[in-house]
Amino acid sequence: MSIERKVDLMDSKIEILIDQVGRMTEGIIELRIALKEGNAELREQIARGNAELREELARGNAELRAAMKEGFGDLKIAFEDLKVTTERQAKNIEQLAAVAAALAATTDRQSRMLEEMRQN
């Protein structure tokens, strides 16, 4: 094989390698562009997801606050009712104590009268 033929063969192989490197470079550039677009889309989706999550959390927080406010209002009313009931029961107990004392005094008086009647 002559030197010219070897040089031509090497030139041909170099051209094939250059063509392959060019195609690989194009593929890498296309991949980089696709990755950039994918990253931008992913960031946009994450931003939308974060915004939706914030809105959902704010809505849930507002609902929780409203429910707690209503619950505390109901609890306050229940405690007020309990206070009224307790005060009424305390008055009833005082009245029952007075009735019991009066009954005890009457029973004592009746016992003395009965004792006097027995002695006479």
Side-chain angles (χ1 to χ4, degrees):
M1 191 183 289
S2 71
I3 293 183
E4 280 184 25
R5 175 86 177 123
K6 287 181 181 179
V7 169
D8 285 343
L9 187 61
M10 288 180 93
D11 280 346
S12 174
K13 288 182 179 181
I14 289 173
E15 284 182 31
I16 291 171
L17 288 172
I18 289 172
D19 185 49
Q20 287 177 345
V21 168
R23 279 185 269 156
M24 286 175 58
T25 303
E26 287 177 14
I28 290 171
I29 290 171
E30 289 173 5
L31 179 62
R32 287 180 65 197
I33 290 170
L35 286 173
K36 283 183 181 180
E37 289 173 355
N39 283 343
E41 186 177 322
L42 183 60
R43 285 185 179 141
E44 186 178 316
Q45 288 175 349
I46 289 171
R48 279 195 309 264
N50 284 343
E52 290 173 4
L53 181 60
R54 273 190 230 105
E55 288 176 15
E56 182 99 13
L57 287 173
R59 218 178 1 260
N61 193 17
E63 290 173 4
L64 179 61
R65 286 177 188 244
M68 286 177 63
K69 186 176 182 180
E70 182 180 338
F72 282 127
D74 292 346
L75 190 60
K76 182 179 178 182
I77 291 170
F79 274 118
E80 288 172 359
D81 290 347
L82 181 62
K83 180 181 175 185
V84 169
T85 301
T86 303
E87 289 171 353
R88 188 174 41 239
Q89 286 177 344
K91 287 179 185 176
N92 288 343
I93 289 171
E94 287 175 11
Q95 290 173 349
L96 286 173
V99 168
L103 284 174
T106 302
T107 302
D108 188 47
R109 202 172 43 247
Q110 287 175 345
S111 293
R112 277 183 283 162
M113 287 172 59
L114 185 61
E115 194 61 38
E116 286 177 12
M117 287 169 61
R118 282 187 190 157
Q119 288 176 359
N120 289 336

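Just the heavy atoms: all of them, side chains too, but no hydrogens, waters or symmetry mates, feed the values below.
- Residues Met113 and Leu103 fall into different hydrophobic clusters, defined by Ile, Leu, Val, Met, Phe, Trp and Tyr side chains chained together at heavy-atom separations under 4.5 Å.
- In this structure the side chain of Glu41 never reaches within 4.5 angstrom of the side chain of Glu44, judged on heavy atoms.
- In this structure, Arg32 CZ and Ile28 CD1 are separated by 9.0 Å, a value rounded to the nearest 0.5 Å.
- Judged by distance alone, with hydrogens and angles left aside, the side-chain atoms of Ser111 form a donor-acceptor pair with the main-chain N or O of Thr107 at under 3.5 Å.
- When hydrophobic clusters are built by joining Ile, Leu, Val, Met, Phe, Trp and Tyr residues whose side-chain heavy atoms come closer than 4.5 Å, directly or via intermediates, Leu82 is grouped together with Leu75.
- Salt bridge present: Arg59 and Glu56 bring a charged side-chain N and a carboxylate O closer than 4.0 Å.
- Put simply, CZ on Arg54 and CG on Asn61 are 14.5 Å apart, with the number rounded to the nearest 0.5 Å.
- The local environment of CZ in Arg5 is sparse, with at most 12 non-hydrogen atoms from other residues, nucleotides or ligands closer than 6.0 Å.
- The line from CE of Met10 to NZ of Lys6 is 9.5 Å long, rounded to the nearest 0.5 Å.
- Arg43 meets the side chain to side chain donor-acceptor pair (under 3.5 Å) test with no other residue; sequence neighbours excluded.
- For the atom pair CD of Gln110 and CE of Met117, the computed distance is 11.0 Å after rounding to the nearest 0.5 Å.
- For the atom pair Thr86 OG1 and Asp81 CG, the distance stands at 10.5 Å (nearest 0.5 Å).
- In the hydrophobic cluster analysis, where Ile, Leu, Val, Met, Phe, Trp and Tyr join through side-chain heavy atoms closer than 4.5 angstrom, Leu64 is grouped together with Phe72.
- Around atom CD1 of Ile3, no more than 12 heavy atoms belonging to other residues, nucleotides or ligands sit under 6.0 Å away.
- Sparse packing is recorded around CD of Glu4, with 12 or fewer heavy atoms of other residues, nucleotides or ligands lying under 6.0 Å away.
- Rounded to the nearest 0.5 angstrom, Met24 CE and Asp19 CG are separated by 12.0 Å.
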